[in-house]
2 protein chains.
Amino acid sequence: MSEFDYQQLDDTIHSRIRLAIMALLVSVESATFVYIREKVKTSDGNLSVHIRKLEDVKYVSSTKKFVDRKPVTTYKISKLGHQAFEEYVNRLSELIIQ
Amino acid sequence: MSEFDYQQLDDTIHSRIRLAIMALLVSVESATFVYIREKVKTSDGNLSVHIRKLEDVKYVSSTKKFVDRKPVTTYKISKLGHQAFEEYVNRLSELIIQ
DNA sequence: ATAAAGTACTTTATAATTTAAAGTACAATC
DNA sequence: GATTGTACTTTAAATTATAAAGTACTTTAT
């Protein structure tokens, strides 16, 4: 059962930064832009671009509101995103575990 | 201990195609260009470029010879490559396993 | 004998992605 | 009221990946 076909790995998830974002989001109920930025240790620009990609494919949803007169964007992983992540982890295991 | 810093993941290894190559190479004594190309299901050009990157950082070594008058390149993972792969898998687990 | 097709790659050009820098729209502080 | 800070977004530049073309043969068919 040892397959080494890299195309089995979801390309949207398999990016170091997006993988970290997804891993974080599956572990929490929801998270703000700033919280994610700090945990993932990246710049605003990077996070903005990458989390947008996850939104584009509907793996993540966002809601925007104001807290203390400041904008706060909160992100949540979707059911589809959850499934995709699980599938990704399974494929990864198949690839790596001998 | 849940960290989501994506920079912990070795960037040379974390590419779907190079990851597949490394996973294959840790599981065998050595492998030819053609064997890898078939297992990893990629084109000659892609394999050539990516395996060269692994060679550049000394994760993989190669030897070229002629068999039946045809060129055959054989690749092996190096000790450094082995360590890097192990380290990569460990970091990946930390990232993914909740 | 020679032309066509195949093997084992390498190189190069184009497309896609990532990263970094600059920009926007405020709020708070000095 | 001018500077600094927050929470992002947009754009441009650098990096990377993929696909196409090229090289140096060998084999097979004509």
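Chain letters run A, B, ... following the sequence lines, proteins first, then strands; residues in each count from 1.
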Legend entry - With sequence neighbours excluded, residues passing side-chain hydrogen bond (donor to acceptor under 3.5 Å, both in side chains) with B/S30: none
Inset, instruction - Take atom OH of B/Y6 and atom P of C/dT17, then tell me their distance rounded to the nearest Å. - result: 17 Å
Inset, instruction - Please answer whether the main-chain N or O of A/L54 pairs with a side-chain N or O of A/R18 as donor and acceptor at a distance below 3.5 Å. - result: no
Inset, instruction - Tell me who clusters with A/V49, hydrophobic residues only, linked when side chains sit under 4.5 Å apart either directly or through other members. - result: none
Inset, instruction - Tell me, please, which residues at least two apart from A/Y88 pass ring pair (Phe, Tyr, Trp, His ring centres under 6.0 Å). - result: A/H14
N/O-N/O pairs, protein side and nucleotides 24-30 of chain C side, under 3.5 Å:
none

Inset, instruction - Would you kindly give the CD-to-P distance between A/E38 and D/dC8, to the nearest whole Å? - result: 11 Å
Inset, instruction - Write out all pairs satisfying salt bridge (Lys or Arg N to Asp or Glu O under 4.0 Å) with one or both partners inside residues 43-56 of chain B, taking only residues at least two apart or from two chains. - result: B/R37-B/D44
Inset, instruction - Give me the residues of residues 10-21 of chain A where at least one heavy atom lies under 4.0 Å from an atom of DNA chain D, by number, or none. - result: none
Legend entry - Length of the CG-C1' vector between A/D44 and D/dC8, whole Å: 7 Å
Legend entry - Residue list, side chain to side chain contact (heavy atoms under 4.5 Å, CB included) with B/D5, at least two apart or on another chain: A/K41, B/E3, B/Q7, B/Q8
Inset, instruction - Give me the residues of residues 47-55 of chain A where at least one heavy atom lies under 4.0 Å from an atom of DNA chain C, by number, or none. - result: A/V49, A/H50, A/K53
Legend entry - Partner nucleotide, any strand, of C/dA20 [Watson-Crick/G-U, under 3.5 Å]: D/dT11
Inset, instruction - Using side-chain hydrogen bond (donor to acceptor under 3.5 Å, both in side chains) as the criterion, list what pairs up with B/N90, not counting sequence neighbours. - result: none
Legend entry - Whole angstrom value for the distance that separates P of D/dC8 from CZ of A/F33: 6 Å
Legend entry - Integer-rounded Å distance: C/dA8 C1' and B/K64 NZ: 9 Å
Inset, instruction - Would you name the heavy atoms of B/V28 and B/A31 that are closest together and state the gap between them? - result: CG2-CB, 4.2 Å
Inset, instruction - For A/T73, answer base if it contacts any base atom (sugar-phosphate contacts may also be present), sugar-phosphate if it contacts only those atoms, and nothing otherwise; contact means non-hydrogen atoms under 4.0 Å. - result: sugar-phosphate
Inset, instruction - Round to a whole Å and report the spacing from NZ of B/K65 to P of C/dC9. - result: 12 Å
Inset, instruction - Could you tell me which residues satisfy salt bridge (charged side-chain N to carboxylate O under 4.0 Å, His left out) with A/E38, sequence neighbours excluded, listed by chain and number? - result: none
Donor-acceptor contacts under 3.5 Å from residues 78-86 of chain B side chains, at least two apart:
residue, atom, partner, partner atom, Å
B/S78, OG, B/K58, O, 2.6
B/S78, OG, B/Y59, O, 3.2
B/S78, OG, B/L80, N, 3.4
B/S78, OG, B/G81, N, 2.9

Inset, instruction - Using atom CD1 of B/I36 as one end and atom C1' of C/dT7 as the other, report the distance to the nearest whole Å. - result: 16 Å
Which atom pairs, donor and acceptor, lie under 3.5 Å between side-chain atoms of residues 64-77 of chain A and protein residues at least two apart or in another chain?
residue, atom, partner, partner atom, Å
A/K64, NZ, A/T73, OG1, 3.2
A/K76, NZ, A/E29, OE1, 3.0

Legend entry - Value in whole Å for how far the P atom of C/dT18 lies from CG of A/D56: 13 Å
